[in-house]
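To start, the structure itself, in structure tokens.
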2 protein chains.
Amino acid sequence: MAARPNAGTKGVPRAERERQILDVASVAFGTHGFAGTNVADVARAAGISKPLVYAYFGSKEGLYAACLDRAGELLGDEIERVARGDVVGLERGVRTLEGMFAVLEDQRHVWRLLHDRSAPTSPEVASVVAAHTERIHALAHEGVSELLALAGVQDALDVSAMTATWLGIVDSLMDWWVAHPEQSAADMVERVTRLVAALFTDAAAGTPR
Amino acid sequence: MAARPNAGTKGVPRAERERQILDVASVAFGTHGFAGTNVADVARAAGISKPLVYAYFGSKEGLYAACLDRAGELLGDEIERVARGDVVGLERGVRTLEGMFAVLEDQRHVWRLLHDRSAPTSPEVASVVAAHTERIHALAHEGVSELLALAGVQDALDVSAMTATWLGIVDSLMDWWVAHPEQSAADMVERVTRLVAALFTDAAAGTPR
DNA sequence: GTGGTAACTTACCCGCAAGTCATATACCTG
DNA sequence: CAGGTATATGACTTGCGGGTAAGTTACCAC
């Protein structure tokens with residue numbers, strides 16, 4: 001029946017379809033946020049119909065949680081891998097960024113999933129968010145603590161604020177990367193290395209007060 | 001008539017009402033984003049009814065644009081004030097933050113309005129967003145250029161990426177401040193000054209590669 | 001073949017929030 | 001007081017988008 005283009009084709013196996021949908025949905029959620037994304041658009045972009053999305057993920061929140069879960073694990077694992085190495089201080093920061101760039105080269109928007117302000121507050125989703133953000137935050141806190149300890153800063157609130165700032169730096173670099181698709185991961189690593197070197201060796205010239 | 005609590009009271013003059021509504025709406029938009037905010041809630045929180053909001057601002061987008069306009073002008077003016085001073089380099093960054101903290105002490109969420117990913121893309125709103133973000137971005141770019149020039153970095157993309165990072169730093173500090181309401185503006189300035197001093201004098205110990 | 005199941009669709013329901021209409025009270029002015 | 005205007009509201013319409021029901025096609029096992 002011509003009216004139903006793809007109806008009844010045996011089609012793609014479940015696992016693969018789920019991956020496809022998650023890919024598309026991650027872009028959408030990462031770009032427009034949870035509240036700004038609609039499921040019908042995701043389905044259309046994935047080349048399937050809306051009910052199929054629901055068949056696989058149950059609800060919009062379920063879909064979001066699944067995206068988040070995949071993203072959180074990917075990022076968390078990579079950050080942890082670097083953390084378990086033996087680098088410390090600024091070097092650890094740069095190496096972590098290097099890992100992020102490598103892992104996210106083909107899915108740059110994914111980082112944003114973790115920082116969605118319009119995410120639903122339902123306990124089901126919140127717990128998934130919390131699990132991953134807490135893990136990443138803990139690793140960031142660890143790295144920042146080390147760095148600041150080297151510089152003689154111990155105050156807990158100082159470390160807390162600096163951790164937030166570090167995450168913000170990652171965030172903004174990812175955003176910039178999204179806006180500059182022609183830049184490769186390697187380009188980004190070079191750029192960051194260059195900037196860090198410039199700022200932390202020469203720029204002390206302008207140290208305030 | 002008891003059924004209409006406030007109906008028909010001559011009520012508050014227009015200008016003052018508009019200010020009240022903008023105050024409430026800015027909190028809502030800044031907290032939940034554009035897509036996550038609903039007008040009825042804003043009206044209720046402002047102690048008035050929904051049609052009045054529409055009478056004053058025409059639409060949800062109009063309300064959002066008005067919030068943005070006020071915020072953008074407030075922030076832009078303050079940033080520009082610091083920029084027109086004679087400080088450069090890191091000092092200028094710290095002074096700019098000082099200005100932000102002072103101006104936003106009682107409305108910390110406002111900064112987020114400028115960075116709302118769920119903001120509508122209609123030309124009407126987009127132009128207002130663009131006007132303010134471009135102004136602020138240009139000022140940030142100017143400051144970052146100066147700073148990097150002192151450190152010997154000239155590359156346009158490096159400056160661009162660093163500008164984005166700087167804005168991300170401001171962003172994350174504002175977020176942290178929102179999460180720590182007991183911290184005064186003065187506390188924040190001290191904290192930032194302390195961290196900058198620590199990072200840019202001692203931390204070169206950990207300079208990478 | 002026939003029955004079972006997995007992959008998929010069209011067509012619908014329905015609630016919520018954006019936006020509107022008709023109306024009411026208060027104040028001012030002549 | 002009559003009439004105009006500014007401030008306000010309760011009750012409504014409407015559309016968008018989350019979610020569902022029921023059916024269709026293909027493959028597989030026997």
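Proteins get letters first, then strands, A, B, ... in listed order; numbering begins at 1 in each.
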Side chain to side chain contact (heavy atoms under 4.5 Å, CB included) evaluation trace for F29(A) with V42(A): CA-CA 9 Å; F29(A) 285 135; V42(A) 170; 5.7 Å; no
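- One can place CZ of R14(B) at 20 Å from P of dC27(C), the figure rounded to the nearest angstrom.
- Atom pair Y56(B):OH and dG19(C):P shows a separation of 19 Å (rounding to whole Å applied).
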All N/O pairs under 3.5 Å across the protein-nucleotides 19-21 of chain D interface:
| unit_1 | atom_1 | unit_2 | atom_2 | d |
| --- | --- | --- | --- | --- |
| dG19(D) | OP2 | Y54(A) | OH | 3.2 |
| dG19(D) | OP2 | K60(A) | N | 2.8 |
| dG19(D) | N7 | K50(A) | NZ | 3.0 |
| dG19(D) | O6 | K50(A) | NZ | 2.7 |

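- Summarising the geometry, the separation between CD on Q20(A) and C1' on dA7(C) is reported as 13 Å, rounded to the nearest angstrom.
- Under the 3.5 Å distance criterion, the side-chain polar atoms of E98(B) are left unmatched by any main-chain donor or acceptor of V189(B).
- Contact annotation: R17(B) side-chain N/O to dA6(D) OP1/OP2 distance is not under 4.0 Å.
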Criterion side-chain hydrogen bond (donor to acceptor under 3.5 Å, both in side chains) on D175(B) and S172(B), from CA distance to verdict: CA-CA 5 Å; D175(B) 277 3; S172(B) 50; over 6 Å; no
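- Rounded to a whole Å, the CG atom of N38(B) is 15 Å from the C1' atom of dG17(D).
- Between R191(B) and D155(A) there is a salt bridge, since a side-chain N of the basic residue sits under 4.0 Å from a carboxylate O of the acidic one.
- Counting only residues at least two apart or on different chains, the salt bridge (Lys or Arg N to Asp or Glu O under 4.0 Å) pairs with a member in residues 55-80 of chain A are D23(A)-R70(A), D77(A)-R135(A), E78(A)-R81(A), E80(A)-R135(A).
- Atom CG in L52(B) sits roughly 16 Å away from atom P in dA26(C) (whole-Å rounding).
- At the heavy-atom level, F57(A) lies nowhere under 4.0 Å from the strands shown.
- Side-chain contact, T165(B) with W176(A): no donor N or O sits under 3.5 Å from an acceptor N or O.
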